[in-house]
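Have a look at the structure below before the remarks.
Fair warning: this is a prediction, and the values are worked out from it, not measured in the lab. Just so it is clear, the values below take in all heavy atoms, side chains as well, and ignore hydrogens, waters and symmetry mates. In what follows, chains carry the letters A, B, and so on, assigned in the order in which the sequence lines appear, proteins first and then strands, with residues in each chain numbered from 1.
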Amino acid sequence: MALQEKLTKTAALTGNEAAAQAMRQIHPDVVAAYPITPQTEIVQLYSTFVNDGIVHTEYVAVESEHSALSATIGAAAAGARSMTATSSNGLAYMWEMLYIAAGLRLPIVMPVVNRALSGPINIHCDHSDTMGARDAGWIQIYSENAQEMYDNLIQAVRIAENPDIMLPVMVTMDGFIISHGMENVELLPDRAVEEFIGEYRYPYALLDIENPRTIGPLTLQDFYFEHKRAQADAVVKAKTVILKVGEEYGQLTDRSYELIESYRMEDAEYALVVLGSTAGTAKYVIDELRQDGEKYGLVKIRVCRPFPAVRLGEVLSRVTAVGVMDRADSFSGEGGPIFAEVRAALYGVSHRPHCINYIYGLGGRDIGPDLIRSAALDIKSLKDGSESDSLVRYLGVRE
Amino acid sequence: MRQVTAKPKALTNAPFHYCPGCTHGIIHRLLAETLDEFGLTENAIGIASVGCSVFAYDYFNCDMQQAAHGRAPAVATGIKRVRPQNFVFTYQGDGDLGSIGIGETIHAANRGENITIIFVNNAVYGMTGGQMAPTTLLGQKSSTTPTGRSIGEHGYPLPVSELLQALPGAAYVARTTVTSPSQIRITKRALAQAFQAQIQGRGLGLVEILSTCPVNWHMDPVEALTFINEEMVAQFPLGVFKDFDEEVARDGK
C-alpha cells in the first residue's frame with residue numbers, strides 16, 4: 001500500500017525500492033530469484049507485486065542462484081522477457097550460467113547489488129563480485145545512486161533487446177550505500193516506460209513447430225570460434241546502442257547518459273577515475289579542491305562492458321596525472337581491474353598521463369571525503385617523480 | 001551446596017544474537033551439553049553455515065569453519081576425511097540445507113560420510129527476512145508468499161528426514177522439536193544417537209529440529225511454540241526415521 005502511494009512522479013525510495021519499481025514498470029513475463037543480502041528486498045517487493053496482482057509475472061522462488069539464472073535462461077529462450085537479481089556469492093554461484101546466458105545471446109536484464117565475496121564472509125559493498133564477472137560477456141552498467149539504478153535498468157532492457165546486440169545486461173548499485181539508502185527518485189509514468197522499452201520480440205523463441213530449432217547445441221572446432229567472434233562484435237556495437245538509448249532517455253527525462261561522465265574535466269590538471277556511489281562523494285571533494293584553486297576533475301565510468309577505452313583516452317590525455325580508484329583487487333600484483341584497463345587505454349594516447357591505483361573500500365570499508373582528498377592530493381606528487389615506486393596504493397587500510 | 005547445573009564448557013561466553021523466542025538458543029545449549037558429555041569439546045570441529053546461525057562460530061568453544069551457502073556437508077566431508085579422529089558437525093538451517101544445499105546433503109548422506117548434521121527447520125528464511133523456504137507449510141504466509149504458500153505456484157514442503165531415510169549411507173535420521181521439556185529431552189537423546197553414529201563410524205547422522213521464528217512468523221514466542229505443535233508437526237511428523245541399532249539387530253551383527 002505504502003509503495004503504491006509512492007508511485008507519483010517523485011518518491012523517496014531506497015535503491016532496492018527504485019530497482020523494484022523499475023522492474024514493475026518493465027513488467028517481465030518471468031522472474032526467478034533467490035534471496036541474498038543486500039539484494040533480497042528487490043525480488044521480495046516484486047513477489048508482493050505479483051501477489052497483489054499489480055504485475056502478471058510468473059514468479060519462481062527457486063532453491064539457489066544457479067537455478068535462478070538457469071530458469072531465467074530457460075524462460076528467455078522460450079520467448080519471454082525474463083529477469084532475476086542477485087549479489088556477491090549469489091553472482092559467483094551463477095558463474096556457469098553467466099557465460100551461457102551471454103553465449104546464447106539471451107537479453108536478460110539483472111540488477112546486481114554489489115557486495116564483497118566470501119571469504120571471509122562479509123555482507124557489505126565492494127565490486128569484487130561484478131568485477132570478477134566482467135569477462136563473462138555481459139554488458140555492465142554501474143550506478144552512482146538510486147535514480148541512476150532506476151534509469152539504467154529501464155535503458156538496459158532496450159540495450160539488451162536491440163536486434164544487433166542481444167546480450168544480457170547487469171546493472172549494478174553499491175550494496176547498502178545505495179540499496180538501503182533513501183533518496184528522492186523521479187519515476188516515469190508506467191505508460192512512458194512501456195512505450196520506451198516496447199514489446200519484447202525474441203526472434204528465435206521456442207516453440208515454433210514450423211521451424212524447430214535447438215538453442216545451445218554442441219559446437220567444437222567447427223563453429224565455437226565464430227560464435228565467440230559474433231559475441232565480441234555485438235559487445236563493440238553495444239557502445240553505439242548504449243549512447244543512442246541514453247540520448248533518447250534524456251529526451252524523455254532530461255537525464256541523458258553516456259559511457260562515462262566527465263565532471264569538471266574541462267581544464268583539469270589532475271583527475272580521479274571512479275565508479276559507483278563513490279563518484280558522488282568524489283564530486284564533492286573535487287568541488288572543494290576547485291574552491292581551493294586546485295584544478296581537479298573526475299571521470300565516472302558508467303559502462304564498464306563494453307569498456308569505454310577510446311572515450312577515456314580522449315578525456316584523460318589532457319591531464320598530468322590520474323588516480324584510478326578500484327573497489328576490488330585483482331590480486332595480480334598490478335592493481336585493481338579498472339586500473340589495469342584505464343592504464344591500457346592510455347597507452348595509445350599522445351600525451352600519456354601518470355597513472356596510479358588506489359584500492360579502497362573492500363568489504364564495505366567506509367570511503368569518506370578525507371580519504372578521497374588524500375588520494376587526490378597524493379597524485380600531485382606524480383607530476384615530477386616516477387610512478388614506478390608504488391603503483392598500487394591501498395586507501396584506508398590498517399597495514 | 002551441590003551444583004545442579006552450569007553453562008556447558010562447549011559454549012563461549014558470547015551473548016546469543018538470536019531474537020526473543022527463537023529456539024536456536026536451546027538447540028545450541030543441547031548440542032554443547034552433548035559435546036561436553038561425550039568429552040568431545042576439545043576434539044570437535046564445527047561448520048557454521050549461512051543464515052541466522054552463521055555466527056555459531058562465536059558461540060561454540062571449538063574450532064569452526066564458516067562454509068558458503070549450502071556447502072557445509074561438503075566442507076565437513078573434506079575435514080572429516082583429513083581428520084577422521086575428530087568429531088565433525090555442521091549446524092544448518094532450512095534455507096542452507098533444504099534449499100541451496102540439498103544436493104550436498106543428499107550426496108554426503110549417500111556417501112555415508114561420518115559427520116553429524118544439526119538441521120534447524122523453522123520453515124522460513126530467517127536471516128534474509130522471512131521469505132518462503134522449501135520447508136514452508138502449505139498456506140503459510142511469508143514475505144514472498146503474502147497470501148500463503150500454494151502448491152500450484154510453490155510446490156510442496158520438502159520432507160528432508162523422509163528423503164534421507166531412503167539412503168543406505170544415512171545411519172541415523174530423526175525429527176524432533178524443543179517446544180516442551182519432554183521434547184527437549186527427546187532431542188538431546190537424538191543428538192546423542194547421531195553422535196554415536198559418527199563415533200562408531202556407521203555413517204551420516206542427522207537430527208532435524210523443528211524450530212521457531214517468532215519475528216518472521218509474526219507471532220509471540222508462545223504462539224510460535226503452539227504453531228510448531230499444531231501446524232508444523234502435522235506436516236513434519238516427529239520420530240526416528242532411521243536408526244543403526246535397529247539395523248544392527250536385524251542384520252544379527
Pick from T128(B), I100(B), V54(B): which one has the most heavy-atom pairs with chain A under 4.5 Å? I100(B)
Let me know if S142(B) has heavy atoms under 4.5 Å from chain A in its side chain, its backbone, both or neither. neither
Quick check on P134(B) against chain A: is it the side chain, the backbone, both or neither that has a heavy atom closer than 4.5 Å? neither
Measure centre to centre between the rings of Y142(A) and H127(A), then say whether the value is under 6.0 Å. yes
Please rank Q131(B), M132(B), E153(B) by heavy-atom pairs under 4.5 Å with chain A and give me the top one. Q131(B)
Report which part of S118(A) has an atom under 4.5 Å of a heavy atom belonging to chain B: side chain, backbone, both, or neither. neither
Decide, yes or no, whether a salt bridge links D126(A) with R365(A) under the criterion of side-chain N to carboxylate O below 4.0 Å. no
Measure centre to centre between the rings of F16(B) and H24(B), then say whether the value is under 6.0 Å. no
d(N121(B) CG, L210(B) CG) to nearest 0.5 Å is 5.5 Å
Using non-hydrogen atoms and a 4.5 Å limit, figure out which bit of R71(B) sits close to chain A: side chain, backbone, both or neither. side chain
Between H66(A) and Y34(A), is the gap from one ring center to the other below 6.0 Å? no
